Amino acid sequence: MLRLVAIGLFGLMFLAEAGDIYGLVLTLADPGPAADRFGIAAGAEVVRSSVLLLLALAVASGALLALAGLLAKRPTLFHRSALVCALGYLLYGLYQVADGALQVGSGIVVVAGLIYVILGSLAYAVHRSVY
């Protein structure tokens, strides 16, 4: 039963990050509107979005490989990939919290970062519980 929950969880995590990656790629293609929204320079938005894109890629690849490990019943692949996903979420969340508080001055970004930290903790807990 826990394995099925983990399959659903990591599948949803992959899909969510795939959407996030798409949005970040669009932002990098035209950083002006996002920079204006946050009140920062376009160059700063490019750096910010690039860091988030790299972290989102780590989360998405970790979630996808964790899902593959679960479906193929390969515990080592699952554990390593789920750990990558969890650490990626934690770093993504901490970056968002710091960025929201220090650079863009947005409470919404801080809250989003805290949600990512919670997702990372959840991914880590599932990593420890399955198999």
Side-chain angles (χ1 to χ4, degrees):
M1 181 65 172
L2 186 57
R3 189 172 158 274
L4 291 176
V5 171
I7 288 170
L9 180 71
F10 283 103
L12 288 173
M13 287 179 172
F14 170 73
L15 290 175
E17 284 311 301
D20 197 24
I21 290 167
Y22 178 73
L24 288 166
V25 168
L26 290 178
T27 298
L28 286 170
D30 184 16
D36 290 342
R37 182 177 49 230
F38 290 124
I40 59 176
E45 180 59 30
V46 168
V47 170
R48 177 183 174 281
S49 294
S50 297
V51 170
L52 292 174
L53 179 61
L54 290 174
L55 292 171
L57 287 168
V59 171
S61 62
L64 183 61
L65 290 172
L67 183 60
L70 285 166
L71 293 173
K73 296 183 180 179
R74 306 273 315 263
T76 304
L77 177 61
F78 165 72
H79 283 293
R80 289 182 181 164
S81 302
L83 189 57
V84 167
C85 179
L87 291 174
Y89 264 135
L90 290 172
L91 291 173
Y92 195 111
L94 292 174
Y95 182 81
Q96 284 280 66
V97 168
D99 182 56
L102 302 174
Q103 184 178 18
V104 299
S106 172
I108 293 172
V109 174
V110 172
V111 170
L114 293 174
I115 291 169
Y116 277 105
V117 169
I118 291 168
L119 288 172
S121 301
L122 181 62
Y124 183 74
V126 173
H127 155 267
R128 301 268 304 166
S129 300
V130 176
Y131 291 111

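What you are looking at is a predicted structure, and each value in this text was computed from that prediction instead of being measured. Atom set for the values below is all heavy atoms of this structure, side chains included, hydrogens, waters and symmetry mates excluded.
A donor-acceptor pair is defined here as one N or O able to donate and one able to accept, closer than 3.5 Å; such a pair exists between the side chain of R3 and the backbone of L70. Between the side chain of H79 and the backbone N or O of V130, at least one donor-acceptor pair lies under 3.5 Å.
Shortest non-hydrogen contact noted between F10 and A63 is O-CB, 3.7 Å. Among all heavy-atom pairs drawn from A66 and A82, the shortest one is CB-N, 3.8 Å. Residues V126 and A6 come closest through the heavy atom pair CG1-CB, 3.6 Å. Contact record, L119 with M13: O-CE, 3.7 Å, taken as the closest heavy-atom pair. Among all heavy-atom pairs drawn from V110 and G100, the shortest one is CG2-C, 3.6 Å. The nearest pair of heavy atoms linking P31 to A29 is CD-C, 3.9 Å.
Using a 4.5 Å cut-off on side-chain heavy atoms (C-beta onward), Y89 and V117 make no contact. Between D20 and Y92, the closest side-chain pair of non-hydrogen atoms falls below 4.5 Å. For the pair L65/V84, no side-chain contact is recorded, criterion being any heavy-atom separation below 4.5 Å from C-beta on.
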Using residues 38-50 as the side-chain source, report each donor-acceptor pair under 3.5 Å to any protein atom, sequence neighbours left out, with the distance given to one decimal.
unit_1 : atom_1 : unit_2 : atom_2 : d
E45    : OE2    : R48    : NH1    : 3.3
E45    : OE2    : S49    : OG     : 2.7
R48    : NE     : D99    : OD2    : 2.5
S49    : OG     : E45    : O      : 3.1
S50    : OG     : V46    : O      : 2.7

Residues L64, C85; criterion side chain to side chain contact (heavy atoms under 4.5 Å, CB included); working and verdict = CA-CA 9 Å; L64 183 61; C85 179; over 6 Å; no

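Rounding to the nearest 0.5 Å gives a distance of 6.0 Å between CG of L28 and CG of L53.
No more than 12 heavy atoms of other residues, nucleotides or ligands lie within 6.0 Å of CD1 in I108, so this atom counts as exposed by the packing criterion.
The cluster map of Ile, Leu, Val, Met, Phe, Trp and Tyr, joined by side-chain heavy atoms under 4.5 Å apart, puts I115 and V104 in different clusters. L12 and L4 fall into different hydrophobic clusters, defined by Ile, Leu, Val, Met, Phe, Trp and Tyr side-chain heavy atoms under 4.5 Å apart, directly or through other members. Both L24 and I21 are members of a single hydrophobic cluster when ILVMFWY side chains are connected at heavy-atom separations under 4.5 Å. Using a 4.5 Å cut-off between side-chain heavy atoms of Ile, Leu, Val, Met, Phe, Trp and Tyr, with links allowed through other members, Y116 and Y95 fall into the same hydrophobic cluster. Side-chain heavy atoms closer than 4.5 Å link hydrophobic residues (I, L, V, M, F, W, Y) into clusters, and following such links, even through other members, never connects L114 to L55.
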